[in-house]
Each structure stands twice: as structure tokens, then as C-alpha cells.
**Student:** 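Mind having a look at this structure? Questions to follow.
Keep in mind the model is a prediction, meaning the values are calculated, not measured. By convention here, the first residue in the shown sequence is residue 1.
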Amino acid sequence: MKHSTTPQTRRGHRGGPARRIGRTLALVLPVVLVLSGTLAVTRVNWTGSPSSSVLAASDVSAAEVPARRVSHAPQDVLRDRLMTELQSRDPGVVLTHLQQAVNGHPRLARHCSSIARALGRAAVRIYGASRAQSYARPVCDTAFASGVLAAHS
């Protein structure tokens with residue numbers, strides 16, 4: 001009988017540490033993904049209105065935080081600042097400031113239309129429909145004009 005000098009591998013060997021790590025990940029990873037997805041869904045504002053305050057299902061302590069310590073999203077701060085400015089300045093100046101803010105902070109671009117529509121509705125309350133419409137120009141794809149139209153009709 002001839003003996004070999006190379007060790008023979010056993011059939012049915014279950015694998016080494018890499019296989020154990022892979023199995024652990026296969027069991028743990030789906031659980032982690034489901035939990036993180038669930039937490040993400042509870043934090044989404046499903047109401048559709050950016051100004052409403054929605055508490056996350058997982059954030060019980062948020063109701064106890066005083067209003068002065070709650071931070072606002074940049075688009076909310078910009079909208080509030082421009083609405084206040086609209087009280088003392090004409091809509092043309094306010095629209096220029098909106099465009100400058102969006103140019104300076106491109107992440108605000110996706111909120112530009114909703115802010116401009118809100119400014120249009122507010123301008124109708126302050127100046128009346130025809131005068132507010134006279135300030136309309138193509139800022140944020142004419143969203144200001146659509147806000148004026150929506151408030152007028």
C-alpha cells in the first residue's frame with residue numbers, strides 16, 4: 001500500500017471561520033436592515049405639509065423638549081425668515097433673497113417651489129391678487145405665480 005505525504009481533506013467538513021462569519025451575517029443582517037428600515041419609516045413626515053410637527057413613533061421624549069430648544073430644518077428657517085421679510089418689503093426683493101439662498105445652498109433647491117408658493121399666497125393676503133401677481137417672475141419654476149393663483153381662486 002502506498003502512503004501519500006499530502007494531507008487529505010475530509011469530505012463533509014463544515015468550513016472554517018469565514019463560513020461561520022458568513023452564516024452569522026446571513027442571520028443578523030436581515031434583522032438589522034428590518035429594524036433600521038422600521039425606524040426610518042417612523043421618522044418620515046407622512047402628512048405632506050412641511051410646517052406641521054410630527055413626532056416620531058420612537059421619539060417619546062420630543063414632546064417634553066421646550067419649543068425654544070427644538071432645531072428647525074434649514075428650509076423651514078428660510079421660509080419663516082422670508083415670510084417675515086415679506087411683511088416689510090415687496091415680494092420682488094423677497095424672491096431675490098429666495099433665489100440667492102437657493103444659489104448659495106443647493107440643497108434648498110428641492111424646497112424652493114413650496115417656499116415660493118407660500119410666499120405667493122402670503123403676498124395675495126398682503127397686497128391683493130393683481131398687485132402680488134405683478135411681482136411674479138421665474139423663481140423656482142414660477143411657483144410664486146402659482147401660489148398667487150391658488151390664493152386668488
Side-chain angles (χ1 to χ4, degrees), residues 14-153:
R14 295 275 182 186
R19 183 173 286 247
R20 282 191 297 268
I21 291 171
R23 284 185 184 159
T24 303
L25 282 175
L27 293 173
V28 172
L29 192 58
V31 173
V32 170
L33 291 174
V34 166
L35 287 175
S36 65
T38 302
L39 291 175
V41 167
T42 61
R43 305 221 29 90
V44 172
N45 177 357
W46 293 103
T47 64
S49 62
S51 63
S52 69
S53 175
V54 177
L55 290 178
S58 63
D59 194 5
V60 178
S61 64
E64 301 168 2
V65 176
R68 60 183 166 81
R69 291 178 45 193
V70 175
S71 65
H72 295 285
Q75 66 272 11
D76 295 336
V77 172
L78 175 63
R79 185 191 65 244
D80 293 345
R81 188 185 84 212
L82 293 174
M83 290 294 235
T84 301
E85 185 178 355
L86 188 61
Q87 301 298 318
S88 61
R89 300 190 118 163
D90 70 71
V93 173
V94 177
L95 288 173
T96 298
H97 291 160
L98 172 61
Q99 189 65 54
Q100 289 169 343
V102 170
N103 291 344
H105 304 283
R107 291 187 333 187
L108 292 171
R110 67 183 206 196
H111 304 286
C112 186
S113 293
S114 65
I115 294 171
R117 272 192 298 278
L119 290 170
R121 289 189 298 269
V124 168
R125 286 191 303 270
I126 296 168
Y127 296 101
S130 61
R131 186 165 174 213
Q133 184 63 39
S134 71
Y135 291 104
R137 58 177 204 251
V139 175
C140 309
D141 295 327
T142 66
F144 178 84
S146 73
V148 170
L149 181 63
H152 180 61
S153 53

**Student:** Any disulfide (SG to SG under 2.5 Å) pairs touching residues 84-139, not counting sequence neighbours?
**Tutor:** C112-C140
**Student:** Once you round to the nearest 0.5 Å, how far does CZ of R81 lie from CD1 of I115?
**Tutor:** 9.5 Å
**Student:** Less than 4.5 Å apart, any side-chain heavy atom of Q99 and any of T96?
**Tutor:** no
**Student:** How about H97 and R89: do any of their side-chain heavy atoms sit closer than 4.5 Å?
**Tutor:** yes
**Student:** Counting only N and O atoms by type, is there a donor-acceptor contact under 3.5 Å from the side chain of R137 to the main-chain atoms of G92?
**Tutor:** yes
**Student:** So how far is it from D90 CG to E85 CD, rounded to the nearest 0.5 Å?
**Tutor:** 9.5 Å
**Student:** Would you please name every residue forming a salt bridge (charged side-chain N to carboxylate O under 4.0 Å, His left out) with R125, sequence neighbours left out?
**Tutor:** none
**Student:** At what distance, to the nearest 0.5 angstrom, does CZ of R110 lie from CD of Q75?
**Tutor:** 7.0 Å
**Student:** If I compare all heavy atoms of V148 with all of A132, which pair ends up nearest, and what's the gap?
**Tutor:** CG2-CB, 4.1 Å
**Student:** Quick one: are L119 and M83 in side-chain contact, heavy atoms under 4.5 Å?
**Tutor:** yes
**Student:** Supply the atom-to-atom distance I126 CD1 to R121 CZ, rounded to the nearest 0.5 angstrom.
**Tutor:** 13.0 Å
**Student:** Answer yes or no: is there a side-chain heavy-atom contact under 4.5 Å between L98 and L78?
**Tutor:** yes
**Student:** Looking only at non-hydrogen atoms, find the nearest pair between Y127 and P91 and report the distance.
**Tutor:** CE1-CD, 3.5 Å
